[in-house]
Amino acid sequence: MLHLLNHPLASHIVTHLRDKTTKPVTFRTLTYQIGLLLAVEATRDLQTCKVEIETPLENFPGTVLRDTLVLVPILRAAIGLVQPFVDLFPNVSIGYVGLERDHQTAIARNYYCKLPPLEEQRILILDPMLATGGSAVQTIQLVQESGGKNLAVVCVVAAPEGVDAIERLDPNTPIFSAALDRELNSRKYILPGVGDYGDRLYGT
Ligand code: PRP
Ligand code: URA
């Protein structure tokens with residue numbers, strides 16, 4: 001269930017993220033901007049409830065958000081995506097999952113996990129790069145073991161291999177991405193991709 005951002009501004013931002021001459025300070029701003037667009041797209045189906053309010057001129061039958069959100073950013077690159085979601089949805093709870101890919105095998109090792117209560121919550125797993133999908137799949141499993149059911153994955157760039165990995169786990173898991181790239185290289189980096197997202201975000 002892949003949903004791609006279909007907006008010229010999204011393509012503009014991702015192109016600048018891909019550009020190897022983009023410096024970390026700009027890379028962080030672009031990450032914030034694409035995060036805002038992803039936050040809007042990934043929350044289209046949030047439930048609302050009716051409220052009666054008064055405008056300065058008359059009564060108005062309004063709607064406000066009913067669902068609360070839980071964000072689960074995968075450390076460390078997804079930290080760059082948290083602020084745009086928090087700015088649009090100030091009442092979110094945030095859980096953290098720490099995963100790091102082994103440089104030789106590209107298999108992610110879990111080094112941290114702290115999740116808030118997840119039952120009955122709408123959960124958005126954030127990770128800018130969906131490469132092999134190993135990190136996202138491990139996080140989905142951690143979320144499910146903690147009682148989370150209603151979850152989606154939000155990324156900036158997805159590879160077909162990562163999308164397949166999530167679909168093999170559960171074909172109904174929504175994936176929201178700004179771009180779908182061609183393939184992985186032999187070191188499991190996305191092509192054309194943006195390079196190492198965490199390194200580019202933090203200048204490491
Ligand atoms: C990167 C990226 C994702 C992961 C994606 O993290 O931020 O979390 O790789 O790859 P996968 O789909 O093949 O699992 P990395 O392991 O480099 O850690 P970092 O964010 O700490 O740099
Ligand atoms: N992680 C990254 O940061 N970039 C990739 O291309 C793949 C995994």
Side-chain angles (χ1 to χ4, degrees), residues 1-4 13-24 26-28 30-35 38-39 42 71-85 94-115 123-144 151-171 173-204:
M1 283 235 290
L2 178 65
H3 306 265
L4 288 174
I13 294 168
V14 175
T15 297
H16 287 296
L17 285 167
R18 293 187 193 282
D19 185 341
K20 70 176 183 183
T21 68
T22 299
K23 302 239 172 344
T26 309
F27 198 89
R28 286 193 282 273
L30 293 163
T31 297
Y32 178 86
Q33 293 171 340
I34 202 71
L38 285 165
L71 305 179
V72 181
I74 302 178
L75 303 175
R76 74 192 151 136
I79 293 291
L81 289 173
V82 171
Q83 196 60 46
F85 282 78
I94 308 177
Y96 291 91
V97 169
L99 287 166
E100 189 177 25
R101 294 202 320 174
D102 181 282
H103 283 295
Q104 306 300 328
T105 63
I107 295 171
R109 175 186 67 89
N110 180 210
Y111 60 87
Y112 188 76
C113 181
K114 193 150 200 157
L115 298 171
I123 302 146
L124 297 177
I125 295 171
L126 310 181
D127 192 350
M129 302 306 270
L130 180 64
T132 65
S135 303
V137 164
Q138 275 197 55
T139 305
I140 291 171
Q141 288 167 337
L142 288 167
V143 162
Q144 288 175 335
L151 59 90
V153 174
V154 179
C155 53
V156 176
V157 179
E161 292 87 338
V163 173
D164 288 349
I166 292 177
E167 287 184 347
R168 276 198 304 278
L169 187 71
D170 176 3
T173 301
I175 305 166
F176 296 91
S177 184
L180 175 65
D181 275 11
R182 193 177 68 242
E183 61 184 346
L184 299 180
N185 70 8
S186 60
R187 293 175 54 228
K188 308 294 183 198
Y189 276 81
I190 300 175
L191 296 176
V194 307
D196 188 303
Y197 210 99
D199 283 352
R200 296 202 59 199
L201 196 60
Y202 298 116
T204 50

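Ligands are counted one by one from 1 in listed order, and the atoms in each one are counted from 1 as well. Along the sequence shown, residues are numbered consecutively beginning with 1. Not measured: the values here are computed from a predicted model.
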Between [X] and [Y], what is the shortest heavy-atom contact and its length?
X: Ile190; Y: Ala159; answer: CG1-CB, 4.1 Å
X: Asp181; Y: Pro160; answer: O-CD, 3.2 Å
X: Pro24; Y: Gly203; answer: CG-CA, 3.8 Å
X: Arg76; Y: Tyr202; answer: O-OH, 3.1 Å
X: Pro192; Y: Arg18; answer: CG-NH1, 3.8 Å
X: Tyr111; Y: Leu99; answer: CE2-N, 3.3 Å

Check your understanding: Is atom 1 (C) of ligand 1 less than 4.0 angstrom from at least one protein heavy atom?
Key ->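 When distances to the protein are checked, atom 1 (C) of ligand 1 has no heavy atom within 4.0 Å.
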**Study point:** atom 6 (O) of ligand 1: any protein heavy atom closer than 4.0 Å
**Key:**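 Flag for atom 6 (O) of ligand 1 set to false, no protein heavy atom closer than 4.0 Å.
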Practice item. For Asp127 and Ser135, test the side chains for any donor-to-acceptor distance below 3.5 angstrom and give the result as yes or no. Key: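 No, because no side-chain N or O of Asp127 sits under 3.5 Å from a partner of the opposite role on Ser135.
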Please tabulate, one line per pair, the protein nitrogen or oxygen atoms found under 3.5 angstrom from a nitrogen or oxygen of ligand 2, with distances to 0.1 Å, or say none if there are no such pairs.
| residue | atom | partner | partner atom | Å |
| --- | --- | --- | --- | --- |
| ligand 2 | 3 (O) | Tyr197 | N | 2.8 |
| ligand 2 | 4 (N) | Gly195 | O | 2.8 |
| ligand 2 | 6 (O) | Ile190 | N | 2.8 |

Exercise for review: Enter the distance from Leu151:CG to Asp170:CG here, rounded to the nearest 0.5 Å.
Suggested key: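 Nearest 0.5 Å value for the CG-CG distance: 7.5 Å.
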Check your understanding: Hey, what do you get for OG1 (Thr31) to CZ (Arg200), rounding to the nearest 0.5 Å?
Key ->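 These two atoms lie 9.0 Å from each other.
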Review point. Which of the atoms in ligand 1, numbered in the order shown and given with their element, are less than 4.0 Å from a heavy-atom of Glu100?
Key: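 Checking each atom against Glu100, I get 16 (O).
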Review point. Quick one: which ligand 1 atoms are inside 4.0 Å of a heavy atom on Gly134?
Key: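 The atoms of ligand 1 under 4.0 Å from a heavy atom of Gly134 are 12 (O), 14 (O).
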If you have a sec, work out which protein heavy atom is nearest [atom] and how many Å separate them, to one decimal?
atom: atom 17 (O) of ligand 1; value: Asp196 OD2, 4.1 Å
atom: atom 18 (O) of ligand 1; value: Leu99 O, 3.9 Å
atom: atom 21 (O) of ligand 1; value: Arg76 NE, 3.2 Å
atom: atom 8 (O) of ligand 1; value: Asp127 OD2, 2.7 Å
atom: atom 10 (O) of ligand 1; value: Arg101 CD, 3.3 Å

Is any N or O atom of [X], backbone or side chain, closer than 3.5 Å to an N or O atom of ligand 1?
X: Ala77; value: yes
X: Pro128; value: no
X: Thr132; value: yes
X: Ser135; value: yes

Review point. Does Gly133 have a heavy atom less than 4.0 Å from any atom of ligand 1?
Key: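 Yes.
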**Study point:** contact_flag Met129 ligand 1 heavy-atom lt 4.0 Å
**Key:**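 Checking ligand 1 against Met129, which is what was asked, there is a heavy-atom contact under 4.0 Å.
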Check your understanding: Distance-only, no hydrogens or angles: does the Glu100 side chain make a donor-acceptor pair with backbone N or O of Asn110 under 3.5 Å?
Key ->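 No: the side chain of Glu100 does not pair with the backbone of Asn110.
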Review point. Backbone N or O of Gly162 within a donor-acceptor pair of the Thr132 side chain at under 3.5 Å?
Key: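 Looks like no, no N/O pair under 3.5 Å.
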Point to revise | Pair Asp196 + Arg187: basic N to acidic O under 4.0 Å | key: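 Arg187 and Asp196: not salt-bridged.
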Review point. Taking the six-membered ring of Tyr189 as reference, does the NZ or CZ atom of Arg101 fall below 6.0 Å from its centre and within a 45° cone about the axis?
Key: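 Yes, a cation-pi geometry.
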